[in-house]
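Notes follow once the structure below has been shown.
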Number of protein chains: 2
Amino acid sequence: MDIRTLCLGVLTMGDATGYEIKKTFEDRLDLIFHASFGSIYPALNKLTDENLVSCREMSQEKRPDKKVYSITAAGRYRFLEEIMKKPAGDRFRSEYLATMMFSHLLPASTISQLIDERIADRTEKIASMLEDCPDRSPNSEQFMCGYGVAVYQAEIDYLNENRHLLEADALIGQRAAE
Amino acid sequence: MDIRTLCLGVLTMGDATGYEIKKTFEDRLDLIFHASFGSIYPALNKLTDENLVSCREMSQEKRPDKKVYSITAAGRYRFLEEIMKKPAGDRFRSEYLATMMFSHLLPASTISQLIDERIADRTEKIASMLEDCPDRSPNSEQFMCGYGVAVYQAEIDYLNENRHLLEADALIGQRAAE
DNA sequence: TCCGTTATATATCAAATCGATATATGATAG
DNA sequence: CTATCATATATCGATTTGATATATAACGGA
């Protein structure tokens, strides 16, 4: 499954421009699947070439022109083929956790600050998820929203209960450095 | 922070071959930072060119020759510089969750099976984490291990409590298709 | 008023990274 | 006897990132 496939998926939910697809990735899918402009625009061009989406250009007043994409019947079929495949394993990259892994090399104050910031960030993300995801949404979106909240809340709880492990390490490092 | 930096990080914990570094990523860092052979070997070559690591070749009986890498003083300094920087945001990609997002397009049996498999996988991962991460480990490793267990357990709990949301969607999709 | 930032919108490109493949040997399991 | 797994390194096409460029309008603060 690549970004082309995910663009098809977003388009099954309704027509959209490349910009709007990026917004959807940012707002609702970043927890699931990260994608940048540099991959979305080329993906849409290729999908258009393959007749999996159609594109109509619209000129706008007071806004740049835009290209609105619609998924075609062939596109829907292709998307179904793709999501029938066994999903590959998750791929995760967190510079934050990588930093924490080496907390014993950093000053205690830096570690504490990073943890505070993380908790604040996760708290914010939970709030915006709960706001954007009311009862009206389809079940799958509610599920995803709840999933995000559950995981982020687990992270917050864990940080609050175990931050002393890292803060102790950092203190030791600091003393050794003195 | 790139894979070169993380290789330096792994080498602060002791000398290792490229293969062993890959193992470390798989066994203990996959939750944190994904990396493949295709990026690790070139990373080590470049680090060697920059004198951030040194390399000694060792011929072995009954095993292929290997190259053991050690971090240099310059490497340690560079690594510290890198982890002092503000960490970039997490980058996540889960084909599994992407599939779940469109569960209403799939047969109910497929969804149920995927959820069962996910729970089994997470349960296994927790078990192996608890096994590999006893008290002897330094605080930061215990912290990471606990973090993984907490997040995976939250996922399992959430799936058990909310799988009906997706399974209901899939049933509806199935009826509509009939 | 002027200036910086944010939002809308598309496009491109070097650099980073993935994942598959190739090569070689020994051990272990079925 | 054969298949698979573990050790070990290397390469390469394809994918993806993240930064940058371009253009216009709105909005708020100094």
Side-chain angles (χ1 to χ4, degrees), chain A residues 1-7 15-27 29-30 32-49 53 55-69 82 85-95 98, chain B residues 1-8 15-27 29-30 32-50 53 55-69 82 85-95 98:
Chain A
M1 190 185 301
D2 53 17
I3 284 176
R4 268 206 308 288
T5 307
L6 257 286
C7 286
D15 295 356
T17 65
Y19 186 78
E20 287 164 347
I21 291 174
K22 175 63 163 70
K23 291 260 108 189
T24 304
F25 271 98
E26 260 173 33
D27 298 343
L29 300 178
D30 202 53
I32 294 178
F33 210 100
H34 179 89
S36 65
F37 282 130
S39 54
I40 291 173
Y41 283 117
L44 289 169
N45 287 330
K46 199 161 177 189
L47 289 170
T48 307
D49 291 345
V53 305
C55 169
R56 55 181 194 284
E57 288 189 49
M58 297 178 75
S59 56
Q60 295 185 111
E61 282 169 36
K62 308 197 178 181
R63 285 273 171 258
D65 293 355
K66 62 180 178 180
K67 296 181 179 176
V68 179
Y69 293 91
E82 290 295 327
K85 293 179 184 170
K86 186 183 154 62
D90 294 358
R91 223 164 70 199
F92 188 45
R93 160 179 290 204
S94 172
E95 296 192 4
Chain B
M1 191 188 301
D2 53 16
I3 285 177
R4 270 206 307 288
T5 307
L6 256 286
C7 286
L8 284 179
D15 295 356
T17 66
Y19 186 79
E20 286 164 347
I21 291 174
K22 175 64 164 68
K23 291 261 108 189
T24 303
F25 271 97
E26 260 172 36
D27 298 343
L29 300 178
D30 201 54
I32 294 177
F33 210 100
H34 177 90
S36 65
F37 280 130
S39 53
I40 291 172
Y41 282 117
L44 289 169
N45 287 330
K46 198 162 177 189
L47 288 169
T48 307
D49 291 345
E50 297 174 297
V53 306
C55 168
R56 54 181 194 283
E57 287 188 52
M58 297 178 74
S59 56
Q60 294 184 112
E61 282 168 39
K62 309 199 177 181
R63 286 272 171 256
D65 292 356
K66 62 180 179 181
K67 296 180 179 178
V68 179
Y69 293 91
E82 289 295 326
K85 293 180 185 169
K86 186 183 155 64
D90 294 359
R91 218 163 75 198
F92 189 45
R93 159 178 289 202
S94 171
E95 297 193 5

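Just so you know, these numbers use all the heavy atoms, side chains as well, and skip hydrogens, waters and symmetry mates. A note on names: the letters A, B, ... follow the listed sequences, proteins ahead of strands, and every chain is numbered from 1. Keep in mind that what you see is a predicted model, and the values were worked out from it rather than measured.
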Revision key, fill the gap. Contacts of B:Lys46 and A:Gly89 projected onto DNA chain C by closest heavy atom; the upstream (5') one is B:Lys46
Revision key, fill the gap. Between B:Gly18 and B:Ala88, whichever has its closest DNA chain D nucleotide further toward 5' is B:Gly18
Point to revise | Contact nearer the 5' end of DNA chain D, comparing B:Phe37 with A:His34 | key: B:Phe37
Exercise for review: Check A:Leu44 against A:Gly18 and note the closest heavy-atom contact, atom names and distance.
Suggested key: CD1-CA, 3.6 Å
Is any side-chain nitrogen or oxygen of [X] closer than 4.0 Å to OP1 or OP2 of [N]?
{"X": "B:Arg91", "N": "D:dT16", "answer": "no"}
{"X": "B:Lys67", "N": "D:dA10", "answer": "yes"}
{"X": "A:Ser36", "N": "D:dT17", "answer": "yes"}
{"X": "B:Lys23", "N": "D:dT7", "answer": "yes"}

Is the closest side-chain heavy-atom distance between [X] and [Y] below 4.5 Å?
{"X": "B:Asp30", "Y": "B:Phe25", "result": "no"}
{"X": "B:Phe92", "Y": "A:Asp90", "result": "yes"}
{"X": "A:Arg93", "Y": "B:Ile3", "result": "yes"}

Exercise for review: Starting from the C-alpha separation in whole Å, work towards a yes-or-no answer on side chain to side chain contact (heavy atoms under 4.5 Å, CB included) for B:Val68 and B:Cys55.
Suggested key: CA-CA 6 Å; B:Val68 179; B:Cys55 168; over 6 Å; no
**Study point:** Estimated bend of the helix from C:dT1-D:dA30 to C:dG30-D:dC1 (axis per five terminal pairs, rounded to 10 degrees)
**Key:**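 Between the first-five-pair axis and the last-five-pair axis there is 40°.
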Review point. Chain B on DNA chain C: first and last contacting nucleotide, 5' to 3', under 4.0 Å to a heavy atom?
Key: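 Range of nucleotides touched by chain B: C:dT17 to C:dA27.
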Point to revise | salt bridge (Lys or Arg N to Asp or Glu O under 4.0 Å) involving B:Lys67 - partner list, sequence neighbours excluded | key: none
Check your understanding: A:Phe37 vs A:Tyr19 aromatic rings, parallel, tilted or perpendicular, using cut-offs 30° and 60°?
Key ->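 Rings of A:Phe37 and A:Tyr19: parallel, as their planes differ by under 30°.
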Review point. When the distance from OH of B:Tyr41 to P of D:dA8 is rounded to whole Å, what number comes out?
Key: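 In whole Å, D:dA8 P and B:Tyr41 OH are 9 Å from each other.
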